[in-house]
Amino acid sequence: MKMIEAIIQPDCLEPVKRELRKRDVSKMTVFHVKGCGKQMGYTESYRGQTHEVNLMQKVCIRVAVNDEFVRPVVDAIIEGARTGEIGDGKIFIQPLEECIRIRTGEEGSDAIG
Amino acid sequence: MKMIEAIIQPDCLEPVKRELRKRDVSKMTVFHVKGCGKQMGYTESYRGQTHEVNLMQKVCIRVAVNDEFVRPVVDAIIEGARTGEIGDGKIFIQPLEECIRIRTGEEGSDAIG
Amino acid sequence: MKMIEAIIQPDCLEPVKRELRKRDVSKMTVFHVKGCGKQMGYTESYRGQTHEVNLMQKVCIRVAVNDEFVRPVVDAIIEGARTGEIGDGKIFIQPLEECIRIRTGEEGSDAIG
Amino acid sequence: MIEDSILTAARNLDVLFLFLGAVMIFSMHAGFAFLEVGSVRRKSQVNALNKIIFEWATSTIVYFVVGFPIAYGVKSFHFWQSADQLMATGSGEMMRFFLLLGFAACIPAIISGGVAERAKFWTNTLAGAVFVGLVYPFFEALTWGQIPLFGTGSWLENLTGYAFHDYAGSVVVHSMGGWLALPAVLILGPRRKRYGLDGTSAPIRVSSIPFLALGSWILCVGWFGFNVMSAGNLGGMSALVAINSLMAMVGGILAGMLISRNDAGFTHNGALAGLVAVCAGSDLYHPMAALFVGIVAGAVFVFGFHIVTEVLKIDDVLGVWPLHGLCGTWGGLAAGIFGQKFFGGMGGVSFVAQLIPVVSQILLSFTASALVYGVLKMTFGIRLTEQEELLGPDLAVHHVESQPEEAL
Amino acid sequence: MIEDSILTAARNLDVLFLFLGAVMIFSMHAGFAFLEVGSVRRKSQVNALNKIIFEWATSTIVYFVVGFPIAYGVKSFHFWQSADQLMATGSGEMMRFFLLLGFAACIPAIISGGVAERAKFWTNTLAGAVFVGLVYPFFEALTWGQIPLFGTGSWLENLTGYAFHDYAGSVVVHSMGGWLALPAVLILGPRRKRYGLDGTSAPIRVSSIPFLALGSWILCVGWFGFNVMSAGNLGGMSALVAINSLMAMVGGILAGMLISRNDAGFTHNGALAGLVAVCAGSDLYHPMAALFVGIVAGAVFVFGFHIVTEVLKIDDVLGVWPLHGLCGTWGGLAAGIFGQKFFGGMGGVSFVAQLIPVVSQILLSFTASALVYGVLKMTFGIRLTEQEELLGPDLAVHHVESQPEEAL
Amino acid sequence: MIEDSILTAARNLDVLFLFLGAVMIFSMHAGFAFLEVGSVRRKSQVNALNKIIFEWATSTIVYFVVGFPIAYGVKSFHFWQSADQLMATGSGEMMRFFLLLGFAACIPAIISGGVAERAKFWTNTLAGAVFVGLVYPFFEALTWGQIPLFGTGSWLENLTGYAFHDYAGSVVVHSMGGWLALPAVLILGPRRKRYGLDGTSAPIRVSSIPFLALGSWILCVGWFGFNVMSAGNLGGMSALVAINSLMAMVGGILAGMLISRNDAGFTHNGALAGLVAVCAGSDLYHPMAALFVGIVAGAVFVFGFHIVTEVLKIDDVLGVWPLHGLCGTWGGLAAGIFGQKFFGGMGGVSFVAQLIPVVSQILLSFTASALVYGVLKMTFGIRLTEQEELLGPDLAVHHVESQPEEAL
Ligand SMILES: Nc1ncnc2c1ncn2[C@@H]1O[C@H](COP(=O)(O)OP(=O)(O)O)[C@@H](O)[C@H]1O
Ligand SMILES: Nc1ncnc2c1ncn2[C@@H]1O[C@H](COP(=O)(O)OP(=O)(O)O)[C@@H](O)[C@H]1O
Ligand SMILES: Nc1ncnc2c1ncn2[C@@H]1O[C@H](COP(=O)(O)OP(=O)(O)O)[C@@H](O)[C@H]1O
């Protein structure tokens, strides 16, 4: 099992969700993050005091999947999130040792879906 | 060492914290997430324009533990978060290679607690 | 490749970012979390009803790096975030199997930077 | 000629006076809205906003067509007169309608805070309309209007020597609102998971202290119009009413803050408690007595809220029964005590002449509300489904979250 | 002597009357600000706030120096008179300036909601200044001011027997604001990604319903000053105006809520739609007619907004063209219909005498705005760069986020 | 008879006039609250709200019992009179008390913004009460009240030929508030980590621009009551005061925005800077002079804030010393310059007659505050513990977060 994490543009969440659904993946966890990458930051000032801010609004999607789903999920994310512009984001894949469904206590691959 | 991550109902955070404390686990990191799983979403509309929204408010708890604590923590989470209704959430267990306490520089199992 | 995650005091984000930049690390993902550790909580009450709250405001930084960057990043975080007081936080290091740049499709070590 | 123009000017001034009061009272409804927005969970904020503004609209229609005529008859102001007839004879009367509508519309706005987060939108609106159209105007007629039971020249005055004195509606408006809310809250039952099966109390946290405080401030400011413009005309205006309102509000703030040990909710609602209580006798009290009335009201609210929600386990979300019901009742009775010359007041009131209408009002309101909500429960249903409540009324009823952009 | 003092008192009262109106109208601009804050994305909230307050400032200067003199001439109030001369002769006139400034400053505040999130701050301010300084006062002069084309004793009155009737500016203020906004919105084009390349519509979610509602409430409350104090002096004050404003607002709320099936945005904007529409004939209608005018306005807004943003794919962010433009136009025409005695109104109006100025205004506004924004586009540019828009005007132009502490 | 009824009407009108002013000024305190809510960190928002409302309450009591009598004597209005005596003789006087209370209560509200986020709640309240009860009324007595030092018919008038002119309290209220705040801020010291050990400045970001702007708008609107109703009676009302307030506010907005290059904080506080400065001479200036006074005030605030917080490293959180202290001082002096006929003003002022009281006030305030805060520091302590400050006053003192539901 793998934990796939993608940092994408907020605008792209809808398309990514759509692509995932096309590939029968509908379970995920999502939250707002701020990211700093190739994309330029900006300068903020309030009452004459300047901050350099280089964190842009992003959305983080986490999807736990069985190994055979890794490729489709990665594809779906790329499909939905690629605009070709700087700031499109990254996908990170980490090992996942166990997954348990709280409601039933099911474990492993069965619990994931 | 393992990193245990649980996605639970917001209402269940208090009971989960209580159960963890019972098992002498009091360190954790918590944040709001939105989740999409078996649980049905809903339709949102504003000024006549409809969105389909299928992300429900959830809370994510992350606890880093030494291996012998994995079972108690999982039990505690299940105990605290199970209502038997759809949407109760999932527990994910990932490998954790290193843990460092910033204040003292301690590393490994000592740093975790 | 590793995923380095640090939970730090919100005040320390600026210094940590500065230290990272010194070591040529400028890519990261950041978000607000609440944490519970050695640091004491507090009691909250509203309209006479008391809650015990032991979650403090923290910031979580996640940096994906190639292995040779682990040490510098950890050093940078410790440098920037250590105040010596309880609540300084933790650094967690997890294995990272794959990293993909959405914009170009690059994979692995090339994609990370 | 000059006399004529003076008379016209005086009439115009009275219309202006009523207008200013009417607008100030209207603005209070924004206060009701934000007090509720801040005091509920985020998933019920839109519901609070839509409810208050929509019930203002329905109240206007109902009170215009049914309520006002019930209370004051149709002598000077029929809505089937043409505009020029209305202007010729009913200028002042129309403005008085606007002002009194502001009072009447408080009824559903008060109830709203009690039934928040779980009541069905439409049946609750319907109940509110019945109260504004029939129940409230009936008691209004008894006190200020055309039925000579409690007011000046009434049965009660003949009986006790004194008419019922409710200058700005501690009883007619607030107590009634609170006592109408109580059966609604009881029949609805508490919010999901508010109390455990074993009776433990699991308080639900409010969403936003700043919005709660904003609501309270808007209400406090508008309340000076509510009380002072109750005079009905410039000639009747009394500086004492303003000072006493101020003093009672201050008393409520002090009590709310000190008793609750700095609780922001009690402090900001304490101000309202003082203002609710002072309405009835605001033209009678000595300022120091008004301060005392306000302090007691603040205390009544703090302890009342605790008893209601923790001991009696009644999930009155904003505490509208203690706030408007109990403090309003206290205000009605207090006018009969501290309004007396003995306490430095203006006199002309008796405790008995206060007690009888106060008790009648409680009986009337409680019964009427039990009936209306009882019938509605058995017919259309008054409560959101479990699933809707879980999702929250914002999404379930109004199809939007309070911060749509944040939604992912 | 006593007569003198009465005359002085009457003059003072009129000044007070205008003052209260002026302040109420001034407060409405906070409403414009928060309506926009709530209706845009979080990254454009500061921009909304800075825009409204700054355009109030520029409007004051421009209308003082150019606009007011154009509209009403320089007889009684020149700014090169010394303070004591101003006091001696122009007391009432100065206060009238303050009140009318509140009207004039609505023009950029209305446009602001249409061009939100993407217009360049400075060129948009410049355009607003041109409108407040020249275009608006010109039409104001035709209707209420020194050029005898539409007003009392004008060419139109000679022609049709009736002067153009726009009591509180449905046409002069709101319709003009809306029709000035339309070309601006068209020339600017939609926000990034608002419509797909294939024409699909991807609605952009608003940031905050509570702030949107706060804006609406502030506007509603202030609007009573806008309409009632349009009388210009206490003697001319009319209770009918207050009641009709109330009724039309209520009609707009009802229509907005019911047609949109509980949409909070439409409900709170529906109230404004009713108020926009009622301005013109608020002194003429029978209250029931005003209710109807408000209901129609609410419907016009709901359907208009849909057609504009979904069918015509015009990205009018707050829907200011349907809200002010269409409802204002409807209000101008409605005065010529429901103001008639036949509908229980006060009479003294004709449909034709309404139609001609309404159409003239539309032509004037549309052309003027197309010209101004066209020229600005070709010279300084009127739109943020793609990069700035992506970042949001708050950061790109004002260098701060609306919740700076949250920023990481 | 008719004369009598006219006299009564005139008296009533004056009471109404004062009442409207009093309510508008009361509403400003909501403005103070939200200005602070927006300008502090989220963990200090509840503290801001509780502080402002509670200090209003304590100010009412203290000013009623001690302050007002000190300033104006106990001739017409004692609180040991019975209600009917109060009504018979003191109607106007009571309302005047309400209005002047609104002024007095500004003192702690101003200080509040300087000491925000770290001052102990109770000792700070105590200090505020001392100022409202003793220090402020003493200077008030010198200027507007019973001690003939600076006011009409005073020593100063004998000396220089002119009385000290402070129409609406640039000096008496604002400058005093600011100069009372300065020692408090100095003695308290900066917030944790505001300045590094090496003297580097690490600005702390504010929580919410919309709440900051809301506070500013509420203050701006109410301020027109503050300035115009300072007349004290309808007869004394001056349209010039309204226009000059408008112009100075606009000047402050323009300067705040342009100098700071679009900073939202400076823009919205700039409006207040202009209004602070114009109070003193608002009845004297030519509108263009008022504009200039406002522009200078805006500039004083922008540069003053920078110098105070960055160069002098004084952590005056909301910048109340530059805003009220410096701009108030500037306003007091400006009245002596631009009030002159030479600048188109009404005349009747001299620079020296302004300078002496302005300087006296600064000395008085600075000393009094240093004394009070010094003594409090040595006795009860005036600052939260490090741990409390880290946690934030909301949780440490008021046991609740500003968005309790968000808390996990
Ligand atoms: N090495 C990394 N570690 C953690 N987060 C990263 C890393 N690289 C990129 N990100 C996240 O991905 C987002 C997009 O990265 P960016 O470099 O701007 O995009 P692109 O790769 O398309 O140029 C960043 O804002 C950040 O949140
Ligand atoms: N495969 C997954 N990957 C990521 N998050 C998941 C996954 N499955 C479930 N979740 C998270 O857990 C939450 C609860 O899942 P759900 O399927 O609704 O509960 P249940 O398993 O009790 O039916 C989801 O809202 C989502 O946040
Ligand atoms: N075992 C753990 N699992 C998850 N998060 C942890 C763990 N230990 C610490 N944390 C996070 O680190 C933060 C700081 O920990 P704390 O123990 O207070 O600091 P310190 O180690 O300096 O005493 C906590 O608030 C929590 O968010």
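Throughout, protein chains are lettered first and strands after them, A, B, ... in sequence-line order, and every chain is numbered starting at 1.
Looking at every heavy atom in both residues, E/Phe34 comes nearest to F/Ala213 through CZ-C, 4.3 Å. Across all non-hydrogen atoms, the minimal contact from F/Ser208 to E/Pro404 is N-CD, 4.3 Å. Contact detail for F/Pro210 and E/Phe211: the closest heavy-atom pair is CB-CZ, 3.8 Å. Annotation for F/Leu240 and E/Met87: closest pair CB-SD, 3.5 Å, computed over non-hydrogen atoms. Nearest heavy-atom pair, E/Leu86 versus F/Pro287, reported as atom, atom and distance to 0.1 Å: CD1-CD, 3.6 Å. Minimum heavy-atom separation, E/Ala83 to F/Met346: C-SD, 3.5 Å.
The side-chain heavy atoms of F/Leu212 and E/Leu49, taken from C-beta on, include no pair separated by under 4.5 Å. For the pair E/Phe97 and F/Leu246, the minimum side-chain heavy-atom distance is below 4.5 Å. The closest side-chain heavy-atom distance from F/Asp263 to E/Val400 is not below 4.5 Å. Residues F/Asn262 and E/Phe54 form no side-chain contact, since every pair of their non-hydrogen atoms from C-beta on lies 4.5 Å or further apart. The shortest distance between side-chain heavy atoms of E/Ile61 and F/Leu254 falls below 4.5 Å. By the 4.5 Å heavy-atom criterion applied to side chains, F/His268 and E/Asn50 are counted as neighbours.
Expressed to the nearest 0.5 Å, how far CD1 of F/Ile243 lies from CE of E/Met95 amounts to 6.5 Å. Once rounded to the nearest 0.5 Å, the distance linking CG of E/Leu13 with CE of F/Met237 reads 9.5 Å. Residue E/Glu406 holds its CD atom at 4.5 Å from CZ of F/Arg42, rounded to the nearest 0.5 Å. One finds the CD atom of E/Gln81 at 7.5 Å from the NE2 atom of F/His286 (value rounded to the nearest 0.5 Å). Interatomic distance, CD1 of F/Ile253 versus OG1 of E/Thr60, reported as 7.0 Å (0.5 Å rounding). Between the OG atom in F/Ser260 and the NE2 atom in E/His398 there is a gap of 10.5 Å [rounded to 0.5 Å].
For F/Met257, the part lying near chain E is the side chain, with the backbone staying farther off; criterion is any non-hydrogen pair under 4.5 Å. Interface remark: E/Leu20 contributes side-chain atoms only to the contact with chain F (heavy atom separation under 4.5 Å). For F/Phe17, the part lying near chain E is the side chain, with the backbone staying farther off; criterion is any non-hydrogen pair under 4.5 Å. For E/Ser91, the parts sitting under 4.5 Å from any heavy atom of chain F are the backbone and the side chain alike. F/Leu214 touches chain E through backbone and side chain together, each having a heavy atom under 4.5 Å away.
Your options are E/Val46, E/Asn12, E/Asp84, and the one with the most heavy-atom pairs under 4.5 Å with chain F is E/Asn12. Most heavy-atom pairs under 4.5 Å with chain F, from the set E/Phe26, E/Phe121, E/Phe98, E/Trp56: that is E/Phe26. The residue among E/Gln45, E/His29, E/Arg11, E/Met24 with the most heavy atom pairs within less than 4.5 Å of chain F is E/His29.
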